[in-house]
Amino acid sequence: MTTYAQAAVSGVMIGGLYAVMALGLSLTWGLLKVINLAHFALILASGYVTYQLTASTGADPLLAALVLVPALFVVGVAIHWVIERFQVDEFNSLLLTFGLFIIAVRLMTNIWSADFRRIDAAENPYATRALFVGDIAFPVPQVMAFGASLVFAAAVYVVLRHTYFGKALRALANDREIAAAFGVNDRRIGVLTAGLSTAMAAVAGVLVGINSGLFPQLAFEWVGIIFTVVILGGIGNLPGAVGAGLLIGAVSSVVGVAWTPLGSPLVVFLLLILALLFRPNGLFGRLGSS
Amino acid sequence: MKHTQLAVLLAIAAALAFVPNLQVATGFPAYYLVFAYFIFFWIAQATSWNILSGYTGYFSFGQGAFYGMGIYASADLVSREGVNYFVTIPIAGVLAALLAAAVGALAFRLGSLRGEIFALLTLAVTFTLAATAGLSTWVDGGQGIALSVPAYPAWLGEFQALIYRLGLAVAALAVIAAFLIQHSRFGWGLFAIRDEEDVAEELGVPTFRYKMFAITISGFLGGLSGAVAALQIGYLTPETVFSLNIPLLVIVMSVLGGRRHWLGPVIGALLIYTLQEQLTNSGLERWGQVVLGAILVLAILFAPEGLHARLRERPRRALVAGAALVVGITVAGVAGWGAATDWLGTGLAAATLVLLVGRRPRAERRANGRELAASPLGDAPAP
């Protein structure tokens with residue numbers, strides 16, 4: 001029984017990481033109608049940069065976020081600018097970012113090789129620590145990811161409900177034309193959203209760097225899991241994405257223990273197929289649908 | 001017109017079938033037969049993709065699923081059940097067609113499945129197949145699976161010649177199918193679905209049936225081509241079979257060549273595979289995917305309608321591109337740069353560059369802008 005409880009707990013914790021990875025993707029998809037496949041490559045790149053900074057300076061891995069968050073904000077704005085400038089539609093944005101994704105992953109393979117890389121335990125003060133509640137262990141890196149997801153969910157909720165930016169965002173997601181006609185500056189909100197989404201990829205990347213080893217193929221493995229989280233959570237629905245992330249994390253972890261580790265991707269992808277077919281608006285509804 | 005073109009196509013395919021005899025007679029390196037096989041393989045896969053995604057506009061990331069179904073159906077039947085390899089080729093096609101029909105039946109029955117949701121569904125199906133292949137001991141079981149060369153009549157020649165002719169047969173079948181579909185009532189129906197599905201339905205196009213036909217034909221061709229690839233590759237693992245390489249390449253090829261014409265994927269496959277082979281030969285395979293990705297990005301930004309449409313719209317530029325191709329090949333040939341793919345690649349690259357350089361004509365862009373501004377809904381999704 002403890003085995004299953006432990007599996008469920010660490011699944012939920014890892015699910016927090018999935019949630020953080022899914023947030024930016026969900027936001028650009030819901031609001032800007034851009035499915036940014038490059039998001040996965042940006043997360044991986046942030047992970048590698050965290051690894052590299054820690055390896056070459058010996059600094060705390062969390063400090064990498066100070067560099068990465070503003071840098072990736074700029075990257076997101078740049079991608080957004082290109083998409084707007086060339087009037088790329090929703091389909092073609094998928095292809096465009098697929099191209100960027102492939103380029104980025106290959107470049108990372110050329111730089112850091114296809115081998116497994118991991119932040120050295122001596123420089124990663126979080127990796128080996130764990131908190132215990134009874135018999136159940138809570139590894140610190142996973143707790144950090146989980147905490148980050150909750151903080152983001154709460155922050156997003158407050159921003160969406162109580163700030164001008166949040167209200168404008170919801171109005172635009174609901175009906176871009178009407179909102180723009182009522183004076184919402186859709187261009188500025190769009191740029192900000194694109195930048196914030198990729199900035200969240202930076203946070204996710206730092207957490208990935210602290211949590212696990214890195215290899216280029218990882219970016220492809222995330223695609224299925226993270227899309228499942230985005231779809232189940234409801235496209236553009238960020239608190240929904242957090243809920244779905246925790247759920248998917250728990251399910252895949254328990255399946256991995258109860259059946260076989262090879263079985264968890266199968267179950268997750270079957271869930272994705274079912275979600276796409278029967279709940280394309282997710283378990284909790286889309287952004288702007290309420 | 002249609003019959004002349006069809007006759008020309010058949011004549012080309014028939015003539016190409018004798019190239020291995022020529023190889024025996026003149027003794028040019030058998031490497032070119034293998035090179036040609038890969039061109040045929042990619043023509044078949046890209047055309048299979050295009051019949052579904054280019055013609056109907058239902059964008060698929062799932063080409064790897066049809067290909068993988070074909071490859072494993074053939075490899076498993078041969079190595080686990082001892083079935084004759086040549087018998088497994090049509091079986092692989094039919095199994096892949098059944099898979100495609102199942103995906104189609106699920107996806108097209110549910111009206112809520114919009115474009116990008118369909119794209120993700122096809123991706124999820126591919127991932128699910130890959131996970132199943134890794135789990136099932138009959139399919140793969142994590143061991144990988146090897147396929148030996150079957151016995152075949154001696155008049156078919158060397159192994160390379162056999163592979164070449166099988167690849168050619170599937171590619172010819174795919175291209176002719178795409179040609180016939182485009183020039184039929186069925187094809188017009190598919191184009192109507194791509195342009196405005198609801199209107200097409202109103203006007204009496206049996207959209208569900210047509211989409212089902214399109215995806216099933218696409219699956220069948222992808223599966224056939226996969227079965228031939230199983231023999232060519234010889235050793236299979238789920239990671240290589242279901243990698244994103246297949247969807248990536250067929251998409252790049254079709255987008256670059258043009259999605260609205262049967263010739264588009266053929267042009268794209270020829271260009272992209274030659275380019276890739278060029279890079280590998282120059283020891284730059286590390287950069288192959290970077291170049292492919294860059295081509296995809298540039299094509300989407302500067303020529304989203306594809307090269308084929310560009311050729312038709314701008315005959316003068318097409319002429320210049322053709323001239324560049326001829327000059328490139330001649331210069332390279334005179335300079336004596338060795339391998340045949342070298343000058344072919346150089347010429348093709350030069351011609352593509354001529355076609356890609358330059359923006360859309362100004363008048364066309366202005367018209368687009370006005371249209372967007374005037375439309376009350378703009379680019380908002382249809383209600």
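All chains are named by letter (A, B, ...) in the order of the sequence lines, taking the proteins before the strands, and each is independently numbered beginning at 1.
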Asker: Compare every heavy atom of B/Q289 with every heavy atom of A/I102, then report the nearest pair and how far apart it is.
Answerer: CG2-O, 3.6 Å

Asker: Does any heavy atom of chain B fall under 4.5 Å from the side chain of A/I225, the backbone, both, or neither of them?
Answerer: neither

Asker: Among residues at least two apart in sequence or on other chains, which ones pass side chain to side chain donor-acceptor pair (under 3.5 Å) with A/N110?
Answerer: A/R106

Asker: Go through the steps for A/L100 and B/V297 under the test side-chain contact (heavy atoms from CB on, under 4.5 Å), then give the verdict.
Answerer: CA-CA 7 Å; A/L100 295 175; B/V297 169; 4.0 Å; yes

Asker: If I measure from the heavy atoms of chain A, does B/V291 come under 4.5 Å with its side chain, its backbone, both, or neither?
Answerer: neither

Asker: What I'd like to find out is whether the side chain of A/L272 reaches to under 4.5 Å of the side chain of B/F127, using heavy atoms alone.
Answerer: no

Asker: State, to 0.1 Å, how close B/A294 and A/I103 come at their nearest heavy-atom pair, and which atoms those are.
Answerer: N-CD1, 3.4 Å

Asker: Using non-hydrogen atoms only, which part of B/L123 is less than 4.5 Å away from chain A: side chain, backbone, both, or neither?
Answerer: side chain

Asker: So what's closer than 4.5 Å to chain B heavy atoms on A/I178: side chain, backbone, both or neither?
Answerer: neither

Asker: Write down the atom of A/L262, the atom of B/G134, and the distance for their closest heavy-atom approach.
Answerer: CD1-O, 3.9 Å

Asker: Can you establish whether the number of heavy atoms outside A/F182 located under 6.0 Å from its atom CZ is more than 12?
Answerer: no

Asker: Kindly give the heavy-atom pair with the smallest separation between A/G263 and B/L135, and that separation in Å.
Answerer: CA-CD1, 4.1 Å

Asker: Where do B/L121 and A/I273 come nearest, in terms of heavy atoms and distance?
Answerer: CD1-CG2, 3.9 Å

Asker: When rounded to the nearest 0.5 angstrom, what distance separates CD in A/Q87 from CG in B/L301?
Answerer: 12.0 Å

Asker: From A/L277 CG over to B/L106 CG, what is the distance, rounded to the nearest 0.5 angstrom?
Answerer: 5.0 Å

Asker: Please identify each residue that fulfils side chain to side chain donor-acceptor pair (under 3.5 Å) with A/T198, with sequence neighbours left out.
Answerer: none

Asker: Test A/F86 against B/I300 for side-chain contact (heavy atoms from CB on, under 4.5 Å), laying out the working first.
Answerer: CA-CA 9 Å; A/F86 287 90; B/I300 290 292; over 6 Å; no

Asker: As a quick check of understanding, evaluate side-chain contact (heavy atoms from CB on, under 4.5 Å) for A/I235 and B/I117, giving each step before the final call.
Answerer: CA-CA 11 Å; A/I235 296 161; B/I117 300 285; 4.3 Å; yes

Asker: Taking CH2 in A/W112 as the centre, count heavy atoms belonging to other residues, nucleotides or ligands within less than 6.0 Å. Is the count above 12?
Answerer: yes

Asker: Among A/V223, A/V88, A/D89, A/T260, who wins on heavy-atom pairs under 4.5 Å with chain B?
Answerer: A/V223

Asker: With rounding to the nearest 0.5 Å, note down the distance linking CG in B/L248 to CZ in A/F98.
Answerer: 4.5 Å

Asker: Select one option (side chain, backbone, both, neither) describing which atoms of A/L96 are under 4.5 Å from chain B's heavy atoms.
Answerer: both

